[in-house]
Amino acid sequence: MSQILQIYKLGNPILRQPAQPIENIYDEYIQNLIDALIATVVPANGVGIAAPQVAESYRMFIVASRPTLRYPNAPEMEPTPMLNPRIIARSSEIVKDWEGCLSIPGIRGLVPRHQAIEVEYSDRNGKLHRQVLTDFVARIFQHEYDHLDGKVFLDRVESTKELISEEEYQKQIIQKL
Ligand code: ZN
């Protein structure tokens, strides 16, 4: 049974540090960290988590898309570990939508992201994957990728007027859907 890790919140310097590449994917410490990240993101109702959010400065994250109220057509996927991820190409089309973050509780922001991206990453067995991600999954990837560079979604919001409390988000946005 993997332990649930503490999620560090905005203000902790670890969230602002660039993370280091993983040199040995097969290292037991890294493999255990993958399991612990999955064990942490699922009960937190997150759709993604990056290693720096649990104070582990490694270039890896979990993408765990599933249908939500906002994205009823989001693909249901097994929590997928992505190690040493890269963005190879970005669509010129930009889409704005609401994001939250497990490290920034209580706040939502309207964040512009590329509608589609071509990415490369290693899975936990060291196999290299190259794929095109679109829409919600592309958004999760870009959000988590930012964490590896010490960025959070607040850095990408175009106006502070596009930040709202979770409470108002539930009232204004979810109930209109
Ligand atoms: Zn986040």
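- A salt bridge does not link Glu99 to Arg108: none of the charged side-chain nitrogens sits closer than 4.0 Å to a carboxylate oxygen.
- Cluster annotation: Val119 and Val63 are assigned to the same hydrophobic cluster (Ile/Leu/Val/Met/Phe/Trp/Tyr, side-chain heavy-atom contacts under 4.5 Å, transitive).
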Evaluate the side-chain contact (heavy atoms from CB on, under 4.5 Å) criterion for residues His114 and Ile94: first the C-alpha distance (whole Å), next the side-chain angles of each, then the deciding distance (0.1 Å), finally the verdict. CA-CA 5 Å; His114 298 279; Ile94 303 283; 3.5 Å; yes
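- Not a single donor-acceptor pair under 3.5 Å links the side chain of Gln172 to the backbone N or O of Tyr169.
- Residue-environment remark: CD (Glu23) stays at or below the threshold of 12 foreign heavy atoms within 6.0 Å.
- Of the possible polar contacts, none joining the Gln3 side chain to the Ala36 backbone as a donor-acceptor pair under 3.5 Å is found.
- Gln31 places a side-chain N or O within donor-acceptor distance of the main-chain N or O of Ile25, the cut-off being under 3.5 Å.
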side-chain contact (heavy atoms from CB on, under 4.5 Å) assessment of Leu83 paired with Ile34: CA-CA 9 Å; Leu83 288 73; Ile34 293 169; 4.0 Å; yes
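- Side chain of Ser165 to backbone of Ile107: no donor-acceptor contact under 3.5 angstrom is found.
- For Arg86, the CZ atom is loosely surrounded, since the number of other residues' heavy atoms within 6.0 Å does not exceed 12.
- In terms of hydrophobic clustering, with Ile, Leu, Val, Met, Phe, Trp and Tyr side chains grouped at heavy-atom distances under 4.5 Å, Val42 and Phe136 are assigned to different clusters.
- Rounded to the nearest 0.5 Å, atoms CD1 (Ile62) and OG1 (Thr80) are 8.0 Å apart.
- Between the side chain of Ser103 and the backbone N or O of Lys9 there is no donor-acceptor pair closer than 3.5 Å.
- A heavy-atom distance below 4.5 Å is found between the side chains of Ile104 and Leu154.
- With a 4.5 Å cut-off on side-chain heavy atoms, Ser65 and Val47 do not count as touching.
- Under a 3.5 Å cut-off, the side chain of Arg59 and the backbone N or O of Leu148 do form a donor-acceptor pair.
- Using a cut-off of 4.0 Å between Lys/Arg side-chain N and Asp/Glu carboxylate O, Arg66 and Glu76 are scored as not salt-bridged.
- Listed by chain and number, the residues in a salt bridge (Lys or Arg N to Asp or Glu O under 4.0 Å) with Asp123 amount to none (sequence neighbours excluded).
- Residue Gln131 holds its CD atom at 5.5 Å from CE of Met82, rounded to the nearest 0.5 Å.
- Of the charged side-chain nitrogens involved, none lies within less than 4.0 Å of a carboxylate oxygen, so that Arg113 and Asp97 do not count as a salt-bridged pair.
- Heavy atoms only, all atoms of each residue included: Pro85 and Tyr145 are closest at O-CE1, 3.3 Å.
- Counting heavy atoms from C-beta outward, Leu33 and Met60 have side chains that approach closer than 4.5 Å.
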Kindly indicate, with the supporting measurements, whether the criterion side-chain contact (heavy atoms from CB on, under 4.5 Å) is fulfilled by Ile49 and Ile7. CA-CA 9 Å; Ile49 191 167; Ile7 299 172; 4.2 Å; yes
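- Within the 4.5 Å cutoff, the side chain of Asp155 has no heavy atoms near those of the Asp146 side chain.
- Contact detail for Ile4 and Ala39: the closest heavy-atom pair is CG1-O, 3.5 Å.
- Taking CD1 of Ile14 as the reference point, atom OH of Tyr8 lies at 8.5 Å (rounded to 0.5 Å).
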Please walk me through it: do Asp149 and Arg16 pass salt bridge (charged side-chain N to carboxylate O under 4.0 Å, His left out)? CA-CA 7 Å; Asp149 289 336; Arg16 293 313 200 164; over 6 Å; no
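- The heavy-atom pair separating Glu144 from Gly48 by the smallest distance is OE2-C, 3.2 Å.
- Counting non-hydrogen atoms of other residues, nucleotides and ligands closer than 6.0 Å to CD of Glu162 gives a total above 12.
- Looking only at distances, a side-chain donor or acceptor of Arg139 sits under 3.5 Å from a matching main-chain atom of Val111.
- When all heavy atoms of Phe141 and Ile117 are compared, the pair lying nearest together is CD2-CD1, 3.7 Å.
- Residues Ser91 and Gln115 come closest through the heavy atom pair OG-N, 3.1 Å.
- The closest donor-acceptor contact from the side chain of Asp35 to the backbone of Ser2 lies at 3.5 Å or more, if one exists at all.
- In this structure, Ser122 and Leu128 approach most closely via the heavy-atom pair OG-CD1, 3.7 Å.
- Remark: Lys151 pairs with no residue by the salt bridge (Lys or Arg N to Asp or Glu O under 4.0 Å) rule, at least two apart or across chains.
- Glu56 places no side-chain N or O within 3.5 Å of a backbone atom of Pro52 that could act as its donor or acceptor partner.
- Taken from CG in Asn12 to CD in Gln53, the straight-line distance is 11.5 Å, to the nearest 0.5 Å.
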Show your working on side-chain contact (heavy atoms from CB on, under 4.5 Å) between Leu37 and Val54 and close with a plain yes or no. CA-CA 8 Å; Leu37 281 168; Val54 298; 3.7 Å; yes
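- Residues Tyr58 and Ile87 are members of separate hydrophobic clusters, defined by side-chain heavy-atom contacts under 4.5 angstrom among Ile, Leu, Val, Met, Phe, Trp and Tyr.
- Between Tyr121 and His129, the angle of the ring planes stays under 30°, which puts this pair in the parallel group of the 30/60° scheme.
- Not a single donor-acceptor pair under 3.5 Å links the side chain of Thr40 to the backbone N or O of Ile38.
- Side chain to side chain, Gln20 and Ser57 fail the donor-acceptor criterion of an N or O pair below 3.5 Å.
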